[in-house]
**Student:** 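Take a look at this one; I'll ask things after.
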Amino acid sequence: MEIITDPRQMQAIAEKLRLNRQLIGVVMTMGALHEGHLSLVKLAQQSAGTVILTIFVNPKQFGLNEDLHRYPRPFELDVALAKAAGVDYLFAPEAGSIYPDNFQTTIECGALGERLEGNSRPGHFNGVATIVTKLFNIIKPHLAIFGQKDAQQLAVIRALVRDLNIDVTVVGAPIVREDDGLAVSSRNIYLSGQARHEAGVLYRGILYARERLAIGERDLQAVASEVSRMISRAPGFTPDYVVFVDEESFEEADSALEGKEYRLLLAVNTESVRLIDNAAMSA
Ligand code: PAF
């Protein structure tokens, strides 16, 4: 595995790979690699001849009071995990080479980036869209794999690719969960023992909602409120939002139409940690 830090060198390698008809798959991360990231690498390897993993803690997607400075950066461990997973190139640029002093252009995501996660984290998705676009231009991938855990991020990236005619296939990969259903995340290490013990409540909420729809409940708002109350009963857990969205438009949905796909989205604060999760379900 080759480690590249210079964007121009990465771009030159990508250009050469394309000239040699290599199918390039990219997995973009902020490091602190876990089973979820490694499942994205595996998925990329199934279709792409060359897999490039990126590690970059993107300052532009963090709000002023968020965890940019304490975000875990176990670089040596990440290198070992990426190597063991069979990654071909690890692209890990310095912030200064991605955002030099004269940097001034950002991508505006529009309404989709301002709802839900975007409402609680203003500017977050513009920061994500900007770095993802830059990484697309540097890595020139044919295929880009993103986890479904960040469902709104995936929807934002699909819209970005569609709206800006970016020539890449975006693939959403299934959520990887711990034994109690907690979605794996680099931020789970912030949870205290007590909060970690309670955190399976998000997944229990998802299972409960799925069951309610399966037995014929069509009032999505009522189900979302029940899930929210269920989570609030866990000591120290405060739901930010629990809502259903239409799987295609990502618009909030209050009642279900027969045969349509919806996605339940959850964002919950506990101690100073924000947990997000989601699941698709049909009526
Ligand atoms: O999902 C993430 O880890 C980040 O938002 C991404 C896509 C790597 C952009 O910084």
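Keep in mind it's a predicted model, so treat the numbers as computed, not measured. Counting convention: from 1, in listed order, for ligands and their atoms alike.
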**Student:** So does L64 have more than 12 non-hydrogen atoms from other groups sitting under 6.0 Å from CG?
**Tutor:**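 Not buried by this count: 12 neighbours or fewer within 6.0 Å.
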**Student:** May I ask you to check whether over 12 heavy atoms, not counting those of E94, lie within 6.0 Å of atom CD?
**Tutor:**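 No - once you tally the heavy atoms of other residues, nucleotides and ligands closer than 6.0 Å, there are 12 at most.
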**Student:** Using the six-membered ring wherever Trp is involved, compare the ring planes of H37 and H34 and label them parallel, tilted or perpendicular (cut-offs 30° and 60°).
**Tutor:**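 Judged by the thresholds at 30° and 60°, the geometry between H37 and H34 is parallel.
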**Student:** So, R218 side chain and L213 main chain: donor-acceptor pair closer than 3.5 Å or not?
**Tutor:**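 Confirmed, R218 side chain pairs with L213 backbone.
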**Student:** Could you tell me how the ring of F62 sits relative to the ring of Y71: parallel (under 30°), tilted (30 to 60°) or perpendicular (over 60°)?
**Tutor:**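 The rings of F62 and Y71 stand perpendicular, inter-plane angle above 60°.
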**Student:** Would you say the side-chain atoms of N119 and Y241 include a donor-acceptor pair closer than 3.5 Å?
**Tutor:**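 No pair is found: no donor N or O on one side chain lies under 3.5 Å from an acceptor on the other.
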**Student:** Between ligand 1 and the protein, tabulate every N or O atom pair separated by less than 3.5 Å, reporting distance only.
**Tutor:**
from: ligand 1; atom 1: 1 (O); to: Q153; atom 2: NE2; distance (Å): 2.8
from: ligand 1; atom 1: 5 (O); to: Q61; atom 2: NE2; distance (Å): 2.9
from: ligand 1; atom 1: 5 (O); to: Q153; atom 2: OE1; distance (Å): 2.7
from: ligand 1; atom 1: 10 (O); to: Q61; atom 2: OE1; distance (Å): 2.6

